[in-house]
Amino acid sequence: MKSFFINEAFDKAINDYLMSKEKPESILYNSFLVVVIRLLVSIYGELDIVNPFQVKNEFAFDDNLLKYGATKEDIANLKRLIDGFYVIEKKNKQVIRREENPYFIDVQKCLIDLFNLKRVNFGLTKDESHEFFDLLYTPGTSNALRLSYNFLNAENIYEVAEYYKKAMATKEVAKSVEKKNLLGFDIYKFFNVSIADLSKMTEDDVNNLNSKIYKSFDISENAINKNYLLEEKIREIKVQNNPITTGNGYVDILLIMSVIVTTIMVIVIFSTLVF
């Protein structure tokens with residue numbers, strides 16, 4: 001049986017987070033590994049971070065962290081960096097002369113990259129941006145413990161803040177992403193398929209879903225005006241305020257949607273989201 005959820009560093013970080021979160025001014029709650037968990041919670045929400053830990057399901061944890069466009073390599077790198085930080089800190093507790101820990105900066109940069117993927121692909125509120133930035137170890141943090149720790153551990157105390165500012169200035173994700181033949185988002189919304197669902201689907205999955213949607217309304221995929229016909233069909237149903245009752249076609253759509261659970265996470269760059 002696996003002894004750790006992911007590695008010793010993650011186990012300690014989440015356990016310390018759970019033990020100290022009712023004491024927001026405590027040293028433990030503002031210690032680096034706990035703040036790393038708080039930053040992850042700021043990006044993904046507490047349930048996506050804590051629930052996989054409680055059931056010791058690393059796959060579910062990875063899947064949750066992939067939902068805003070990160071790659072498996074991004075998540076593996078985050079785990080490696082956090083473990084690297086922990087290994088050096090354990091050594092430093094046993095010696096008088098501390099070893100410089102480069103992972104202090106690298107972990108924060110990795111988290112900023114994950115946060116930026118959410119911003120670029122799904123948008124953020126000002127409160128979300130403020131909360132995340134304030135948790136980082138910068139001269140601008142509101143917490144004296146994090147401020148002091150930054151002065152003690154960063155060769156350049158502005159490095160993380162400067163990296164954050166540069167990341168937030170990017171207009172689009174530089175990573176190559178899979179292009180998908182998407183219908184209007186109102187159409188997917190009508191079938192209770194969210195943007196998050198679409199981001200998890202491969203190009204083939206989206207094409208299969210589109211095909212089933214056309215079929216459910218008896219619209220030929222070869223029709224020149226197929227999108228117009230589809231939008232008209234949905235508009236008529238909305239006006240009549242009737243549920244979709246198109247028979248087996250809709251059942252097929254639900255079957256295709258179930259593929260979402262097991263497909264490889266792939267992000268879509270949406271230039272404009274209109275609902």
Inset, instruction - Identify the heavy atoms of Asp74 and Cys110 that sit nearest to each other, and give their distance. - result: O-SG, 4.2 Å

Legend entry - Side-chain heavy atoms of Asn150 within contact of Thr141, under 4.5 Å: no

Legend entry - Distance (rounded to the nearest 0.5 Å) between Leu39 CG and Tyr44 OH: 11.5 Å

Legend entry - Min side-chain heavy-atom separation Ile88-Pro102 under 4.5 Å: yes

Inset, instruction - Decide yes or no for Tyr68 and Asn121: does some side-chain heavy atom of the first lie under 4.5 Å from some side-chain heavy atom of the second? - result: no

Inset, instruction - Give me the one residue out of Phe4, Phe85, Tyr86, Phe61 that meets ring-ring contact (aromatic ring centres under 6.0 Å, His included) with Phe10. - result: Phe61

Inset, instruction - Measure the NZ-CD1 distance between Lys226 and Ile219 for me, rounded to the nearest 0.5 Å. - result: 10.0 Å

Inset, instruction - Give the C-alpha distance, both sets of side-chain angles, the deciding distance and a yes or no for side chain to side chain donor-acceptor pair (under 3.5 Å) between Tyr137 and Gln108. - result: CA-CA 8 Å; Tyr137 289 81; Gln108 293 184 80; over 6 Å; no

Inset, instruction - Please report the C-alpha distance between Tyr163 and Asp113 in whole Å, then the side-chain angles of each, then the deciding distance to 0.1 Å, and finally whether the side chain to side chain donor-acceptor pair (under 3.5 Å) criterion is met. - result: CA-CA 9 Å; Tyr163 188 87; Asp113 290 341; 2.8 Å; yes

Legend entry - Spatial distance of atom CG (Leu40) from atom CG (Leu114) [nearest 0.5 Å]: 7.5 Å

Inset, instruction - Inspect the contact between Arg98 and Glu89 and indicate whether a charged nitrogen and a carboxylate oxygen are less than 4.0 angstrom apart. - result: yes

Inset, instruction - Treat each ILVMFWY residue as a node, draw an edge where side-chain heavy atoms are under 4.5 Å apart, and state whether Val87 and Ile105 are in one component. - result: no

Legend entry - Between Asn208 and Ser211, a side-chain donor and acceptor under 3.5 Å: no

Inset, instruction - Kindly work out whether a path of hydrophobic side-chain contacts (I/L/V/M/F/W/Y, heavy atoms less than 4.5 Å apart) joins Phe132 to Leu145. - result: no

Legend entry - 4.5 Å side-chain heavy-atom contact, Asp134 and Arg146: yes

Legend entry - Aromatic plane relationship, Tyr17 with Tyr29 - under 30° parallel, 30 to 60° tilted, over 60° perpendicular: parallel

Inset, instruction - List the atom of Ala9, the atom of Leu33, and the distance in Å for their closest heavy-atom pair. - result: O-CD1, 4.2 Å

Inset, instruction - Anything under 30° is parallel, anything over 60° is perpendicular, the rest tilted; go ahead and classify Phe5 against Phe53. - result: perpendicular

Legend entry - Pair Asp218 + Lys233, salt bridge at N-O below 4.0 Å: no

Inset, instruction - Check Leu81 against Asp106 and note the closest heavy-atom contact, atom names and distance. - result: CD1-O, 3.6 Å

Inset, instruction - Supply the atom-to-atom distance Met201 CE to Asn207 CG, rounded to the nearest 0.5 angstrom. - result: 9.5 Å

Legend entry - Interatomic spacing from CZ in Arg38 to CG in Asn30 - rounded to 0.5 Å: 5.0 Å

Inset, instruction - Indicate yes or no: at least one non-hydrogen side-chain atom of Arg80 is less than 4.5 angstrom from one of Asn77. - result: yes

Inset, instruction - State, with a plain yes or no, whether a side-chain heavy atom of Glu25 is found less than 4.5 Å away from one of Asn143. - result: yes

Legend entry - Phe115 to Ser129 - nearest heavy-atom pair and separation: CZ-CA, 3.8 Å

Inset, instruction - Fit a plane to each ring of Tyr164 and Phe133, take the angle between them on a 0 to 90° scale, and name the class: parallel (under 30°), tilted (30 to 60°) or perpendicular (over 60°). - result: tilted

Legend entry - Donor-acceptor contact present, side-chain Lys91 to main-chain Glu99, <3.5 Å: no

Legend entry - More than 12 heavy atoms of other groups within 6.0 Å of Ile27 CD1: no

Legend entry - Derivation of the side-chain contact (heavy atoms from CB on, under 4.5 Å) call for Lys72 and Asp62: CA-CA 8 Å; Lys72 291 183 177 180; Asp62 290 355; over 6 Å; no

Inset, instruction - Considering non-hydrogen atoms only, spot the tightest contact between Tyr214 and Glu221 and give its length. - result: CD1-CG, 3.7 Å

Inset, instruction - Give a yes or no answer on whether the side chain of Asp48 reaches the backbone of Asn64 with a donor-acceptor pair at less than 3.5 Å. - result: no

Inset, instruction - Kindly compute the distance separating CD1 (Ile6) from CG (Asn57), expressed to the nearest 0.5 Å. - result: 10.0 Å

Legend entry - Test log, rule side-chain contact (heavy atoms from CB on, under 4.5 Å), inputs Ile112 and Val160: CA-CA 9 Å; Ile112 290 171; Val160 169; 4.0 Å; yes

Legend entry - Short N-O contact, Glu128 and Arg119, less than 4.0 angstrom: no

Legend entry - Close side-chain approach of Val35 and Leu136, heavy atoms under 4.5 Å: no

Inset, instruction - For atom NZ of Lys12, decide whether the heavy atoms of other residues, nucleotides or ligands shown that lie under 6.0 angstrom number more than 12. - result: no

Inset, instruction - List the atom of Asn116, the atom of Ala167, and the distance in Å for their closest heavy-atom pair. - result: ND2-O, 3.2 Å

Inset, instruction - Please say whether more than 12 non-hydrogen atoms of neighbouring residues, nucleotides or ligands are located less than 6.0 Å from CD in Glu155. - result: no

Legend entry - Side-chain hydrophobic cluster, 4.5 Å single linkage: members besides Tyr158: Leu147, Phe151, Ile157

Legend entry - Side-chain donor/acceptor of Ser20 to backbone N/O of Lys23, under 3.5 Å: no

